[in-house]
Amino acid sequence: MLGLMQDWPLLIHKIIDFAGVQHGAQEVVSRSVEGPIQRVTYRDLRGRALKVAQRLSRDGIKLGDRVATLAWNTARHLEVWYGITGVGAIYHTVNPRLFPEQIAWIVNHAADRVLFTDLTFLPILEGLADKLPSIERFIVLTDSAHMPATRLRNAVAYEDWLAEADGDFAWAEFDENTAAGLCYTSGTTGNPKGVLYSHRSNVLHSLISTGLDALPLAPSTSCMPVVPLFHANSWGLAFSCPMKGAKMVMPGAKLDGASVFELLETEKVDFSAAVPTVWLMLLAYLQKEQKTLSTLKVVVIGGSACPPEMIRAFEQDYGVEVRHAWGMTEMSPIGSVGYIKPAARAESYEDVLKLKSKQGFAPFGVEMKIVDDSDKALPWDGKTFGRLKVAGPAVAKAYFKGEGGDILDANGFFDTGDVATIDANGYMQITDRAKDVIKSGGEWISSIDIENFAVGHPDVAEAAVIGVPHHKWDERPLLVIVPKEGRKPTPQDLFEFLKPKIAKWWMPDDMQIVAEIPHTATGKINKLKLREAFKDYKLPAA
Ligand code: AMP
């Protein structure tokens, strides 16, 4: 027997309708690409999104079409998304940090028909214009006063284009499983793969990822999504902020410490989310300028492992609670958040720090397991490592156009490619990407653990650990560091510092100093490139 409740489709435009009606006066504040701070209310943002939808449909954009955005976090970018999905088309977020050839590859793979872009990216696009045959029109997110001359096909200033619509338009109607968004993962091998979110998965992800125990959003919250919209929907905040009526403070193109600090203070931000590199810049700025944070209460840190010293700095020096989170583009992206359950409460701050350095526990709507190479489930004892697999209504079941084939196991779980432990309280800890784990004498060494400790050394700005070939043990760890300005730590300094913190056989065999560690387009250490750079390196004892 079926229940007798209504079929109310979970559609994204219902979120902006809700925000426009119930939180109509709430603001979305942006540092515009042109410079000045701009303010719009949810009521007006909804009205502008309706105009985008109306104008797109007049241009012939319809259900299932792909529309690209190459843009910073601003209200314009957000309203464009709601407009695109409101006609049943698909926003395709393009990461500007990709190489131009990669941008061309994914735009062509997606066969995007229209591309919205910020002024910042005109030079990149002009260089690529002949390689983007599917794009019928480039819409520049600015007004006519700031619109430069450009040879981009049918280019128009967004505000002029939008002014041709009156907003008297009704959202299109379709099934909740209709595709809404497309985001390519920058895999380290093979071609990028497109993750295709649905309206339903985005709405459910907003419900799954927010709450007192997750991303804490409410109408009283002033939230700054520093994490870009092109990085997995800014971890869902593009949808969860309006769904919860939270104020949004969009940092635009300026993510340096001084600019982020200024907006945090002037807009009384109490919650924010970003990758560790962004926070590193903010903390360095605060320390240098002797500033304090007067309103910030909680930060979510994820995308790559958050070093314990960063957690300590936020919590003890600035009174800001850190929630370490983990996720993936394929998971919409939130997979776990580090909120402390009563059962896990620790006595000393050092124990709290150990727990907070883990990546947290999976919220309702995300199922997790760790398995061995024969797919046998491993115990949740906090010690046993295994491949981390996940399932849930906001987890991918296939990639766009079937790229990568069948990606689920027989039980419907997706292999994250991460290696992790899970403890008795459900707290998961990432030890490595499966491809980065160092196999020494048949045992695994966690590169992330060593990196986390190494960046705790006062002379170290950034650290990476890679496995290098060894005649006896197969692989041994090599520590690569970028020293802080004016510092020159020796290998002995680092090894002495690491000695009480890691097992003896985990101790790196050598240390190398570099000027820069390579990063991926989403700010992760690019281990593939680093291994490539050290391919001719020989360990001293080998
Ligand atoms: P992306 O799809 O670009 O967000 O990358 C997802 C991958 O980033 C995950 O599979 C992890 O390898 C890594 N990652 C994300 N968050 C964390 C975290 N908190 N700690 C360690 N690795 C992380």
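In listed order, ligands and their atoms are each counted from 1. No hydrogens, no waters, no symmetry mates; every other heavy atom, side chains included, goes into these values.
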**Message:** Would Ala325 count as a polar contact of ligand 1, with the cut-off being nitrogen or oxygen pairs under 3.5 Å?
**Reply:** yes
**Request:** Give the numbers and elements of all ligand 1 atoms closer than 4.0 Å to a heavy atom of Gly327.
**Result:** 6 (C), 7 (C), 9 (C), 15 (C), 16 (N)
**Prompt:** Is the NZ atom of Lys341 crowded by more than 12 outside heavy atoms at less than 6.0 Å?
**Reply:** yes
**Request:** Decide yes or no for Ile103 and Tyr184: does some side-chain heavy atom of the first lie under 4.5 Å from some side-chain heavy atom of the second?
**Result:** no
**Prompt:** At a 4.0 Å threshold, what atoms of ligand 1 neighbour a non-hydrogen atom of Gln359?
**Reply:** 18 (C), 19 (N), 20 (N), 21 (C)
**Prompt:** Which atom names give the shortest non-hydrogen contact between Gly257 and Leu282, and what distance separates them?
**Reply:** O-CD1, 3.7 Å
**Message:** Quick check: closest heavy atoms across Ile430 and Leu388, and the distance to 0.1 Å?
**Reply:** CD1-CD2, 4.1 Å
**Short N or O distance, His231 and ligand 1, threshold 3.5 Å exclusive** = yes
**Prompt:** Looking at Thr329, which atoms of ligand 1 are within less than 4.0 Å of one of its heavy atoms?
**Reply:** 1 (P), 2 (O), 3 (O), 4 (O)
**Asked** Which pairs, with at least one residue in residues 383-401 and sequence neighbours excluded, count as a salt bridge (Lys or Arg N to Asp or Glu O under 4.0 Å)?
**Response** Asp375-Lys389, Arg387-Asp415, Lys389-Asp409
**Request:** Answer whether the closest heavy-atom distance between the side chains of Ile513 and Pro483 falls below 4.5 Å.
**Result:** yes
**Message:** I need the atoms of ligand 1 closer than 4.0 Å to a non-hydrogen atom of Lys524, numbered in the order shown.
**Reply:** 1 (P), 3 (O), 4 (O), 5 (O), 6 (C), 7 (C), 8 (O)
**Message:** If you measure every N or O of Met328 against every N or O of ligand 1, does any of those distances drop under 3.5 Å?
**Reply:** no
**Complete:** protein heavy-atom neighbour closest to atom 21 (C) of ligand 1 works out as Ala305 N, 3.3 Å
**Prompt:** With sequence neighbours left out, which residue pairs that include part of residues 353-379 fulfil the ring pair (Phe, Tyr, Trp, His ring centres under 6.0 Å) condition?
**Reply:** Phe361-Tyr427
**Numbered atoms and elements of ligand 1 in range of Gly303, under 4.0 angstrom, heavy atoms** = 8 (O), 13 (C), 14 (N), 15 (C), 16 (N), 17 (C), 23 (C)
**Message:** Parallel, tilted or perpendicular, judged at 30° and 60°: which one describes the rings of Phe385 and Trp444?
**Reply:** tilted
**Asked** Are any of the N/O atoms in Asp418 less than 3.5 Å from those in ligand 1?
**Response** yes
**Request:** Could you tell me if any non-hydrogen atom of Ala232 lies under 4.0 Å from any atom of ligand 1?
**Result:** no
